[in-house]
Participant: 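Structure provided below as structure tokens; questions to follow.
Since the structure is predicted, the reported quantities are computational estimates derived from the model, not experimental observations. Sequential numbering from 1 along the given sequence is applied to the chain's residues.
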Amino acid sequence: MTGQLHLDRLVAAALDEDAPWGDLTSEALVPAEAVLEARLVAREPGVFSGAAVFSTAFRLVDPAVRVALLAADGERFTAGQVLAEVAGPARAILRAERIGLNFVQRMSGIATQTARYVDAVAGAGARVVDTRKTTPGLRLLERQAVRDGGGHNHRSSLSDAVMVKDNHLAAVLAAGLTVTEALLQMRDRLPHTAHVEVEVDRLDQIPAVLAAGVDTVMLDNFTLEDLRQGVTLVDGAAIVEASGGVDLDTVASIAATGVDVISVGALTHSVRSLDLGLDVSSGRTP
């Protein structure tokens, strides 16, 4: 669950962007005393995510708006299902509507897509994880949505864990060091709690990486046969992660090679927002 203070900051910024000087239409057209009742309705099936951020949008505009959540984060729903009910001052509901929907539609889209990947590898023992290919500023929300879909999170930021990629290794070799030497020297400079992952793109790179005692070996853009050979070479000495070329058509075959983790950038970088709508069920002016 993302912290409420962080949610308040994100949603407040979105509301300010959407109505920097107020909602011109509602303030000119809708009586100040008018009230509305509305329902958040699913137009298609999916997995719900974003309950807190949806409620926050209405609360920040006007605490008098009441939001009753009828679905929990991580819950699967069907087309036509009512996911929440909203009631209160009409102007406030109309001002918060698009921001609340934008967040919950995107988060539910990510959760739904993640669930498809998780379902595809069921029984194989491999974790489906996200990447840092997220929307700037929204990473914490998108990572929550991945968890709501049954997936897991990779490192949150560059500060959380060591990931040595091909460009890092190229710089090391250019400096005249061997890969093993450079990784061992790096280990000496890190706290003992730091997790070290190294990306390789060929089978013959694996022994030098293992010799440095790394925690995870990422096999990047390997064929299925090379993934199987990579798992055999690592032989339990490190976590094996597969990355690159992963989609819903390939993920089950990748999981069957015996890898421990499959990282999928598509969970966040190209997902489609889910079709959810806020339908007004009644309105009145006291």
Side-chain angles (χ1 to χ4, degrees), residues 1-20 23 26 36-77 81-115 130-154 156-157 267-280:
M1 172 66 180
T2 304
Q4 189 61 54
L5 179 60
H6 184 77
L7 285 184
D8 284 357
R9 289 171 176 166
L10 284 178
V11 177
L15 289 166
D16 287 345
E17 177 185 58
D18 198 44
D23 177 357
S26 295
L36 284 179
E37 294 179 359
R39 304 184 303 167
L40 178 65
V41 180
R43 310 278 196 242
E44 59 181 317
V47 177
F48 191 58
S49 180
V53 73
F54 180 76
S55 299
T56 297
F58 294 96
R59 175 179 58 80
L60 289 184
V61 172
D62 189 339
V65 177
R66 302 182 307 280
V67 178
L69 295 165
L70 305 180
D73 287 335
E75 181 178 331
R76 299 191 181 217
F77 55 81
Q81 185 171 334
V82 179
L83 306 175
E85 295 175 340
V86 181
R91 287 184 179 180
I93 290 175
L94 293 168
R95 178 174 175 183
E97 172 187 8
R98 176 42 54 198
I99 297 305
L101 281 174
N102 284 351
F103 279 120
V104 77
Q105 285 176 317
R106 176 157 180 81
M107 291 181 68
S108 295
I110 291 170
T112 301
Q113 182 75 331
T114 301
D130 54 17
T131 72
R132 287 170 43 245
K133 297 175 182 177
T134 53
T135 307
L138 300 183
R139 182 170 295 173
L140 289 182
L141 295 184
E142 294 180 351
R143 283 165 57 83
Q144 178 197 322
V146 168
R147 297 192 302 273
D148 289 340
H152 294 80
N153 297 139
H154 211 296
S156 176
S157 70
L267 299 183
T268 54
H269 72 57
S270 57
V271 72
R272 178 181 65 83
S273 293
L274 220 60
D275 189 3
L276 311 176
L278 193 67
D279 295 344
V280 172

Participant: I need the minimum non-hydrogen distance between V271 and G109, along with the two atoms involved.
Facilitator: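 Answer, listing the atom of V271 first, then G109: CG2-O, 3.3 Å.
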Participant: Not counting sequence neighbours, which residues clear ring-ring contact (aromatic ring centres under 6.0 Å, His included) with F58? List them please.
Facilitator: F54
Participant: By salt bridge (Lys or Arg N to Asp or Glu O under 4.0 Å), which residues pair with R43, not counting sequence neighbours?
Facilitator: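 By the salt bridge (Lys or Arg N to Asp or Glu O under 4.0 Å) rule, R43 matches D279.
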Participant: L10 and F103: which non-hydrogen atoms are nearest, and at how many Å?
Facilitator: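 L10 and F103 have their closest heavy atoms at O-CZ, 4.3 Å.
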Participant: Who passes side-chain hydrogen bond (donor to acceptor under 3.5 Å, both in side chains) against S108, sequence neighbours left out?
Facilitator: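 With sequence neighbours excluded, S108 shows a side-chain hydrogen bond (donor to acceptor under 3.5 Å, both in side chains) to no residue whatsoever.
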Participant: Which atom names give the shortest non-hydrogen contact between G46 and T112, and what distance separates them?
Facilitator: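 So the two residues come closest at CA-OG1, 3.4 Å.
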Participant: If only atom types and distance count, is the side chain of Q113 paired as donor or acceptor with the main-chain N or O of I110 below 3.5 Å?
Facilitator: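 Checked: no pair found.
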Participant: Hey, does the side chain of E142 reach the backbone of T135 with a donor-acceptor pair shorter than 3.5 angstrom?
Facilitator: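 Here the side-chain-to-backbone pair exists.
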Participant: What pairs with R9 under salt bridge (Lys or Arg N to Asp or Glu O under 4.0 Å), at least two apart in sequence or on another chain?
Facilitator: none
Participant: Return yes if some donor-acceptor pair links the side-chain N/O of S49 with the main-chain N/O of D73 below 3.5 Å, else return no.
Facilitator: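 Answer holds: no.
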Participant: Could I get the full list of side-chain contact (heavy atoms from CB on, under 4.5 Å) partners for R139, not counting sequence neighbours?
Facilitator: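 For R139, the residues satisfying side-chain contact (heavy atoms from CB on, under 4.5 Å) (neighbours in sequence not counted) are R132, T134, R143, S156, S157.
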Participant: What are the two closest non-hydrogen atoms of V146 and T114, and how far apart are they?
Facilitator: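 Minimum heavy-atom separation between V146 and T114: O-CG2, 3.5 Å.
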Participant: D8: what forms a salt bridge (Lys or Arg N to Asp or Glu O under 4.0 Å) with it, not counting sequence neighbours?
Facilitator: R59
Participant: Restricting to side-chain hydrogen bond (donor to acceptor under 3.5 Å, both in side chains), what partner residues turn up for E97, sequence neighbours left out?
Facilitator: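 With neighbours one apart ignored, the set is empty.
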Participant: Please name all residues satisfying side-chain contact (heavy atoms from CB on, under 4.5 Å) with R95, sequence neighbours left out, ordered by chain then number.
Facilitator: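 side-chain contact (heavy atoms from CB on, under 4.5 Å) check on R95 returns A19, D23, V61.
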Participant: Apply the test side chain to side chain donor-acceptor pair (under 3.5 Å) to residues N153 and Q144: give CA-CA distance (whole Å), side-chain angles for both, the deciding distance (0.1 Å), then the verdict.
Facilitator: CA-CA 8 Å; N153 297 139; Q144 178 197 322; over 6 Å; no
Participant: Report the residues that fulfil salt bridge (Lys or Arg N to Asp or Glu O under 4.0 Å) with R66, sequence neighbours left out, ordered by chain and then residue number.
Facilitator: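 Listed in chain order: nothing, the list is empty.
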Participant: Suppose we screen for side-chain hydrogen bond (donor to acceptor under 3.5 Å, both in side chains). Which residues come up paired with T56, at least two apart in sequence or across chains?
Facilitator: Q4
Participant: With E44, which residues qualify under side-chain contact (heavy atoms from CB on, under 4.5 Å), at least two apart?
Facilitator: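 Counting only residues at least two positions away or on another chain, E44 forms a side-chain contact (heavy atoms from CB on, under 4.5 Å) with R272, L274, D275.
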Participant: Using only atom types and a distance under 3.5 Å, with no angle test, would you say the side chain of Q105 pairs donor to acceptor with the backbone of L276?
Facilitator: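 Checking the backbone N and O of L276 against the side chain of Q105, a donor-acceptor pair under 3.5 Å is found.
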Participant: State the CD-CG distance between Q81 and L70, to the nearest 0.5 angstrom.
Facilitator: 8.5 Å
Participant: Can you name the side-chain contact (heavy atoms from CB on, under 4.5 Å) partners of A12, sequence neighbours left out?
Facilitator: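 With sequence neighbours excluded, A12 shows a side-chain contact (heavy atoms from CB on, under 4.5 Å) to L60, given in chain and number order.
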Participant: Is there a donor-acceptor contact under 3.5 Å linking the side chains of N102 and R98?
Facilitator: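 A pair is found: one side chain offers a donor N or O, the other an acceptor, under 3.5 Å apart.
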Participant: From L36 CG over to I93 CD1, what is the distance, rounded to the nearest 0.5 angstrom?
Facilitator: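 Nearest 0.5 Å value for the CG-CD1 distance: 5.0 Å.
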Participant: Keeping the roles fixed (side chain from T268, backbone from K133), state whether a donor-acceptor pair exists under 3.5 Å.
Facilitator: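 The answer is yes, because a donor-acceptor pair under 3.5 Å joins these two groups.
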